[in-house]
Amino acid sequence: AQKITQTQPGMFVQEKEAVTLDCTYDTSDQSYGLFWYKQPSSGEMIFLIYQGSYDEQNATEGRYSLNFQKARKSANLVISASQLGDSAMYFCAMRDNYGQNFVFGPGTRLSVLP
Amino acid sequence: EAGVAQSPRYKIIEKRQSVAFWCNPISGHATLYWYQQILGQGPKLLIQFQNNGVVDDSQLPKDRFSAERLKGVDSTLKIQPAKLEDSAVYLCASSHTSGSYNEQFFGPGTRLTVL
């Protein structure tokens with residue numbers, strides 16, 4: 001069974017600084033996908049970034065990048081130049097190659113300080 | 001394009017009552033998901049449909065939960081009878097197809113409180 005671990009229940013970062021949110025995963029599949037979602041206090045889930053297990057380059061989307069280390073089974077999210085609006089819950093998730101077994105981690109609450 | 005619609009947004013019921021949630025996915029999205037998100041936790045997948053067929057319902061408590069997606073568009077999730085531990089936000093999501101990379105678009109959720 002697939003599993004996602006996020007060991008940081010809460011993180012603080014100063015505005016304009018970079019922050020790394022940790023994610024490790026466990027799977028026996030060779031092919032899978034990794035995702036990060038943001039959930040503000042309003043409750044909606046917002047897709048941020050995707051990394052395929054066979055992608056050789058780390059994914060980037062604007063200020064978001066994914067530090068993918070396959071051998072370590074980690075997929076950390078890096079947010080550069082933090083903004084106050086980045087304060088939210090962040091969830092790491094994964095699914096298998098068939099688009100099934102979608103699993104979310106417990107989340108990390110990020111607070112950006114002015 | 002219009003997003004994923006869910007109703008109602010909030011529901012309060014007493015234990016042992018029944019409740020139903022409705023979801024209208026993004027037009028053209030073949031895959032529909034229902035998640036349960038208990039306060040302070042990540043979402044847990046309850047059921048995944050591909051068109052009107054069930055792909056994965058391994059975590060659906062089938063003794064009290066049921067879901068259907070007639071005609072492969074709208075979907076309803078029902079709880080009968082509800083328990084206190086069913087208090088959660090129920091999220092519906094849709095994606096164009098299934099497959100390893102497929103961004104899921106989420107609805108606003110239905111917050112259920114069971115008293």
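Bear in mind that the values here come from a model prediction, so they are computed numbers and not experimental data. Just so we're on the same page: letters track the sequence lines, and every chain starts at 1.
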Self-check item: Region of Q104(B) in contact with chain A, defined by heavy-atom distances below 4.5 Å
Solution: both
Quiz item: What part of Q51(A) gets closer than 4.5 Å to chain B, counting heavy atoms only: side chain, backbone, both or neither?
Solution: neither
Quiz prompt | Within-4.5 Å side-chain heavy-atom neighbours: L91(B) and V89(B) | solution = yes
Quiz prompt | Cation-pi check, K38(A) onto F47(A) ring (under 6.0 Å, within 45° of axis) | solution = no
Quiz item: Below 4.5 Å, heavy atoms only, C-beta onward: do F106(B) and V4(B) meet side chain to side chain?
Solution: no
Exercise. Name the region of F91(A), side chain, backbone, both or neither, that has any atom closer than 4.5 Å to a heavy atom of chain B.
Key: side chain
Quiz item: Is a side-chain N or O of S74(A) found less than 3.5 angstrom from the main chain of N76(A), in a donor-acceptor match?
Solution: no
